[in-house]
Amino acid sequence: MRYPRICRSGANTPANGTGAWSIVSGGTGTFSSTAAANATFTADNYGVYVLRWSISNGVCASSTDDVTVTYYESPTTATVGANQNVCASLVSAGLGANTPTVGTGAWSVVSGGTGTFSDNTDPDATFTADAYGTYVLRWSVSNGTCTASTADVTVNYYQAPTTASVGADQNHCATLTSTSLGGNTPAIGTGAWSIVSGGTGTFTAPTSGNSNFVANGYATYVLRWTISNGTCAASTDDITVTFYQAPTTATVGADQSLCGTLESAGLGGNTPVVGTGAWSIVSGGTGAFSSTASGNATFTADAYGVYVLRWSISNGVCTASTADVTVTFFESPVVSNAGAAQNLCNVTNTTLAGNDPTPGTGLWTLVSGPNTPAITTPTAYNSTVTSMVPGVYVFKWTISNGVCTPSESTVTITNYATPTTALAGADQNLCGTLVSAGLGANTPANGTGAWSIVSGGTGTFSSAAAANATFTADAYGVYVLRWTISNGVCAASTDNVTVTYYESPTTATVGANQNVCASLVSAGLGANTPTVGTGAWSVVSGGTGTFSDNTDPDATFTADAYGTYVLRWSISNGTCTVSTADVTVNYYQAPTTASVGADQSHCATLTSTSLGGNTPAIGTGAWSIVSGGTGTFTAPTSGNSNFVANGYATYVLRWTISNGTCTASTDDITVTFYQAPTTATVGAAQSLCGTLTSAALGGNTPVVGTGAWSIVSGGTGAFSTLLLQMLLSLLMITVYMFFAGQSPTAFAPLQPLM
């Protein structure tokens, strides 16, 4: 059904013009009068409407004003879930409110304290209280200015009751009243005692944890302490209290002494009226009762001895009533065994080794001996004997037990004197023989001596019992020989002598002498590997340096400086004479790089200027002629030497710097010696008419040098000398070939035509 939504507008009445209402937004509806300033408006639906009052007058611009009218629908009626009881938690279940179809819902706390909603707009929100207690929570459904609809739910938050605890179980004897039951005082909730089982009785304070309990009869009672709080599950704890009656007083028969048997007569214990009886062994060993619960049981022992047996009447925790009876079982004495004969060495004390006389008693006595020693504890089977001297003793061991016949046996103890201290003589070092000198041991005053081999190999003593025996080894090596002096069971006295048999060492050899250039490291030195002895390198002369491995026959040697070194390979073996061989290694430094002066050209002389060779820092220099002819150097080993040629020519001269076997460094200089040219002559001056070609100019043919015409002055022209020069060159080649077989000293060398 649709209801009208009516609102009165309340606009002003125009003094000029006419007014009219219109709807700007919000929906549809009806004005009671569109022209009445105070008209009402009936909306077709709930919502927000904007209505406009317009006043118009002719062509004038209208005056308008808007009014907003909001129509709210009544909110949905609020409902909530059932009241809640929450135990041991501060968080409720969902509160179960309804979801509004109109309006919005929100939770609030009405009473009880503070707390937090999981979502205060969620109908089924949970509520977390800040403390235990009863809370009233409200669900409010609101819509605009309408009166909110509310519903309340009550939530009781109960704290879990204190965990119940009681005292230790109790056992009481000869009383029906317990001590304090030890129930705890609840911090939360209330406590109360109850009887679970056992019978009837009363609590002195039923709601107090420390109450006592008074039983109506002897029995075992289970009592319960319960702590409750609201709807929470109660906490309980139980205590067991047992009330025991005092047992009957125990009695037993007389003590018993038995011989040759392990079974007693009846033990004579009484039959209990209250409680139960039981036999036990207090001391003496193990055994078995014919019945542990029968007062007049018999006892069979597992071994002879004195047994204390106890008859105990017990009832619960009551102190048992006991009575003891002593039964002694005597055994026939054991067969005496004085122990094995002893062989001792020069001792004053020893320990006897008779057998244990238990269950009887033993006694040591001296039968014979070189003196009367002291037996420190004659009744102890392992007594010590003191003040002994070397000699033979006989002791008796007697075992007795009660009235039984004693058992006897004897032991012989022989005490040997300490052997003489062994001395084996001085150590020996031998070379080239397998037979030692006399070993030089001492002759024993007490005991006997014998030689033996400790280590080193095999061999033969000239006499193993002779102190000064010799020893022949089967092979070279180090032998440890022992001289042992023994006497009976005494620890032998020993001393060792070391005899070393050295074989003559291998003859040492080395490799060829070496020349090493521009390096301080030799090649392998090429010594032999010893078959006998050990080899080692050393420096004999030349300076210092390092071997790559001074025990390696083919070691290399790194010198600390250039020079000539003598290195020695020594093969040693013990005390034998060392075999040696030497190798010489020359370490040459690379010679200085040779350099010479600039090439030279000289005229009308056969002697050069200084050739400009450098002075070597390393090595020695020397001049030589590479090509050009013969001649002499004024200082053949000086870089600054001059060169005197034997004829005019071009000479290539070489400056060589050498050092040992190193590759020499060289540099060459070219020196050319020119002969003075032939003196030029020409024909007579010419005067020519009507021609531009002269007659032959009459220049002489050079013996030394080459001739050439040139114009000094007068103008330009051409010489017809080309054909002549060709003929002259051909003539000179012929002459040179003709004299080719002659000694260069017989003819001056021909010069090329220029």
Side-chain angles (χ1 to χ4, degrees), residues 257-262 283-287 301-308 326-422 442-450 452 465 483-495:
S257 294
L258 305 169
C259 182
T261 180
L262 290 172
S283 63
T286 58
D302 290 337
Y304 292 97
V306 178
Y307 290 77
V308 177
T326 300
V327 181
T328 304
F329 298 92
F330 289 102
E331 184 183 2
S332 298
V334 297
V335 176
S336 172
N337 181 355
Q342 297 184 30
N343 292 303
L344 307 174
C345 178
N346 198 32
V347 299
T348 58
N349 303 332
T350 189
T351 300
L352 298 170
N355 58 326
D356 189 340
T358 305
T361 58
L363 180 66
W364 285 105
T365 56
L366 176 67
V367 176
S368 62
N371 73 333
T372 303
I375 302 172
T376 56
T377 310
T379 59
Y381 66 90
N382 57 351
S383 174
T384 58
V385 178
T386 63
S387 303
M388 296 175 66
V389 297
V392 178
Y393 293 85
V394 177
F395 294 93
K396 182 186 291 182
W397 176 236
T398 301
I399 298 176
S400 305
N401 194 22
V403 296
C404 297
T405 303
S407 175
E408 300 176 345
S409 63
T410 61
V411 61
T412 299
I413 299 177
T414 304
N415 192 16
Y416 291 96
T418 303
T420 301
T421 301
N442 59 327
T443 301
N446 293 323
T448 57
S452 60
W483 177 240
T484 301
I485 300 176
S486 306
N487 192 27
V489 295
C490 291
S493 174
T494 65
D495 192 25

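For the numbers below, each heavy atom of this structure counts, side chains included, while hydrogens, waters and symmetry mates do not. Quick caveat, the model's predicted, so the values are computed rather than measured.
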What pairs with T384 under side chain to side chain donor-acceptor pair (under 3.5 Å), at least two apart in sequence or on another chain?
T376
Answer whether the closest heavy-atom distance between the side chains of N371 and Y393 falls below 4.5 Å.
yes
Might you point out which heavy atoms bring A492 and S486 nearest each other, and give the distance in Å?
CB-OG, 3.7 Å
Qualifying residues under side chain to side chain donor-acceptor pair (under 3.5 Å), relative to D356, sequence neighbours excluded
T358
Suppose the criterion is ring-ring contact (aromatic ring centres under 6.0 Å, His included): which pairs have a residue in residues 347-392, not counting sequence neighbours?
W364-W397
Do the side chain of N415 and the main chain of V389 share a donor and acceptor less than 3.5 angstrom apart?
yes
Which residues pass the side chain to side chain donor-acceptor pair (under 3.5 Å) test with T418, not counting sequence neighbours?
N346
All heavy atoms of S493 vs all of A422, minimum pair found to be OG-N, 2.7 Å
Closest heavy-atom pair and its distance - P373, L366:
CD-CD2, 3.8 Å
Which heavy atom in L344 sits nearest to a heavy atom in M388, and how many Å separate them?
CD1-CE, 4.4 Å
Mind checking what makes side chain to side chain contact (heavy atoms under 4.5 Å, CB included) contact with N382, not counting sequence neighbours?
T351, A380
Just to verify, which of V385, L352, V392, V347 counts as forming a side chain to side chain contact (heavy atoms under 4.5 Å, CB included) with I413?
L352
Enumerate the side-chain hydrogen bond (donor to acceptor under 3.5 Å, both in side chains) contacts for residues 335-345, please, sequence neighbours excluded, ordered by first and then second residue.
S336-S409, Q342-T350
Sorted by first residue and then second, give each disulfide (SG to SG under 2.5 Å) pair with at least one member in residues 334-379; sequence neighbours left out.
C345-C490
Between Y304 and T261 the two heavy atoms that sit nearest each other are CE2-O, 3.7 Å
Taking all non-hydrogen atoms of both residues into account, name the closest pair between T326 and V306 and its distance.
CG2-CG1, 3.8 Å
If you look only at pairs with a residue in residues 349-389, which of them pass as a disulfide (SG to SG under 2.5 Å), with sequence neighbours excluded?
none
Partners passing side chain to side chain donor-acceptor pair (under 3.5 Å) against N487 (at least two apart in sequence or in another chain)
none
Side chain to side chain contact (heavy atoms under 4.5 Å, CB included) partners for V394, two or more places apart:
V367, S368, T410, T412
Return yes if some donor-acceptor pair links the side-chain N/O of S257 with the main-chain N/O of T328 below 3.5 Å, else return no.
no
For T420, the side chain to side chain contact (heavy atoms under 4.5 Å, CB included) test, sequence neighbours excluded, returns N442, P444, A445, N446, I485
Mind checking ring pair (Phe, Tyr, Trp, His ring centres under 6.0 Å) for F329 and listing every partner two or more places apart, or none if nothing turns up?
Y307
